[in-house]
Participant: 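One structure, as structure tokens, below. Some questions next.
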Number of protein chains: 2
Amino acid sequence: MRVTEDHPTCRLRDVLDRVGDKWSVLVLNLLGDGPRRYSELQRAIEGISQRMLTLTLRSLERDGLVSRTVTPTSPPRVDYALTPVGETLSAQVAGLITWAEEHRPYVAASRRRYDAP
Amino acid sequence: MRVTEDHPTCRLRDVLDRVGDKWSVLVLNLLGDGPRRYSELQRAIEGISQRMLTLTLRSLERDGLVSRTVTPTSPPRVDYALTPVGETLSAQVAGLITWAEEHRPYVAASRRRYDAP
DNA sequence: CCGCATCCGTGAGGATACTG
DNA sequence: CAGTATCCTCACGGATGCGG
């Protein structure tokens with residue numbers, strides 16, 4: 001889709017696309033509990049590839065939501081943490097995660113009913 | 001990715017994927033203001049194709065988040081509305097949208113700074 | 001008016017191998 | 001350990017046309 005107009009929907013999209021990214025949601029949620037190393041994130045997020053973890057963290061850093069701290073030891077150590085603004089988004093995301101956990105049985109039941117016939 | 005394990009991350013994914021869908025977010029947000037006809041949604045959501053609007057609505061209906069009411073006039077009329085559970089998700093989504101609107105300038109500025117060099 | 005079916009291009013993202 | 005680089009797939013989604 002071409003986004004050429006200044007329709008409200010379009011102005012929101014670039015920000016929502018970040019939130020809409022499933023990996024971003026999971027990363028933001030994890031970092032809500034405190035800073036994590038790269039490898040900790042990779043282990044915690046089942047199924048994420050190295051590539052996608054790096055891309056996700058770069059995007060979040062670019063948007064000023066996550067900070068990246070390199071400790072030049074050997075082997076190197078990199079910690080990721082939420083920025084203050086990132087914390088506020090993480091709080092929203094936490095609400096979403098809670099919603100998803102609470103209503104997962106309902107959604108699953110709805111799907112079974114819908115798919116029945 | 002194959003989801004074969006029962007890791008918490010995987011159990012959440014199927015529900016979060018609904019929220020992660022950018023079209024779903026926009027539809028849920030619109031329906032938060034009250035029921036809408038198919039054609040109203042299509043006009044309101046800049047850039048959505050007929051195909052994607054239909055698919056999005058079907059998914060939301062399957063998940064028990066949106067109800068579909070057909071009025072068999074001629075031409076037919078179809079109204080979509082949030083279910084009670086859909087309302088609760090729409091509320092979460094509204095929080096996200098608000099966040100996105102409030103922090104759009106911050107995110108835009110962060111991106112410019114990041115991309116500068 | 002509301003949708004489904006079909007075709008088809010593109011790009012997101014997985015797998016793998018390699019560096020500082 | 002924390003990435004980068006490359007290849008390659010496949011499914012997301014746009015365009016179009018038809019049907020109730």
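Only a predicted model underlies this, so the values are computations on that prediction, with no experimental measurement involved. Residue numbers begin at 1 in each chain, while the letters A, B, ... track the order of the sequences.
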Participant: Would B/Leu26 and A/Leu16 satisfy side-chain contact (heavy atoms from CB on, under 4.5 Å), going step by step from the backbone distance to the final call?
Facilitator: CA-CA 10 Å; B/Leu26 297 171; A/Leu16 285 178; 4.2 Å; yes
Participant: Measure CZ/A/Arg36 against P/D/dC1 and give the value in whole Å, please.
Facilitator: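 Those two atoms, CZ and P, are 17 Å apart.
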Participant: If you check the B/Gln50 side chain, which of C/dG20, D/dG17, D/dT4 turns out closest?
Facilitator: D/dG17
Participant: Of all the choices, C/dG20, C/dC1, D/dG13, which nucleotide is nearest to the side chain of B/Asp21 once you look at every atom?
Facilitator: D/dG13
Participant: Can you tell me how far P of D/dA5 sits from CG of A/Leu53, to the nearest Å?
Facilitator: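 A/Leu53 atom CG is separated from D/dA5 atom P by 17 Å.
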Participant: Using 30° and 60° as the class limits, which term best fits the ring planes of A/Trp99 and A/His103: parallel, tilted or perpendicular?
Facilitator: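 Tilted: the ring planes of A/Trp99 and A/His103 meet at 30° to 60°.
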Participant: Could you give the CD-to-P distance, from B/Glu40 to C/dG3, as a whole number of Å?
Facilitator: 13 Å
Participant: Should B/Ser74 be listed as having a side-chain N or O under 4.0 Å from OP1 or OP2 of C/dC1?
Facilitator: no
Participant: Output the single nucleotide from C/dC2, D/dT4, D/dG13 whose closest atom is nearest the side chain of A/Arg58.
Facilitator: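 Nearest listed nucleotide: D/dT4.
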Participant: In whole angstroms, how far is the C1' atom of D/dT4 from the CD atom of A/Gln42?
Facilitator: 14 Å
Participant: Where the side chain of A/Tyr114 meets the backbone of B/Gly64, is there a donor-acceptor pair that is under 3.5 Å apart?
Facilitator: no
Participant: Heavy atoms from C-beta onward define the side chain here; which of C/dG13, D/dG3, D/dA2 lies closest to that of A/Met52?
Facilitator: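 Ranking C/dG13, D/dG3, D/dA2 by closest atom to the A/Met52 side chain puts C/dG13 first.
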Participant: With a 4.0 Å cut-off on N to O distance, would you call A/Arg36 and A/Asp79 a salt bridge?
Facilitator: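 No, this pair does not count.
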Participant: Can you tell me how far the CZ atom of B/Arg62 sits from the CZ atom of A/Arg112, to the nearest 0.5 Å?
Facilitator: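 Going from the CZ atom of B/Arg62 to the CZ atom of A/Arg112 covers 11.0 Å.
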Participant: To the nearest Å, how far apart are A/Arg37 CZ and D/dG3 P?
Facilitator: 10 Å
Participant: Taking the nucleotide of DNA chain D with the nearest heavy atom to each, does A/Val78 or A/Arg51 sit closer to the 5' end?
Facilitator: A/Val78
Participant: Of the nucleotides D/dG13, D/dG3, C/dC1, which has the atom closest to the A/Arg68 side chain?
Facilitator: D/dG3
Participant: In whole angstrom, what separates B/Leu55's CG from D/dG13's P?
Facilitator: 9 Å
Participant: Counting only side-chain N and O atoms of B/Ser49, is one of them less than 4.0 Å from OP1 or OP2 of D/dG13?
Facilitator: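 For B/Ser49, the contact criterion (side-chain N or O under 4.0 Å from OP1 or OP2 of D/dG13) is not met.
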Participant: Please confirm whether the shortest side-chain N or O distance from B/Tyr80 to OP1 or OP2 of C/dG3 is below 4.0 Å.
Facilitator: yes
Participant: Counting heavy atoms from C-beta on, name the nucleotide in C/dG14, C/dG3, C/dC1 closest to the side chain of B/Pro75.
Facilitator: C/dC1
Participant: Tell me: NZ of A/Lys22 to P of D/dC12, nearest whole Å?
Facilitator: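 Rounding to the nearest Å, NZ of A/Lys22 and P of D/dC12 are 10 Å apart.
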Participant: How many whole angstroms separate atom CD1 of A/Ile45 from atom C1' of C/dG14?
Facilitator: 16 Å
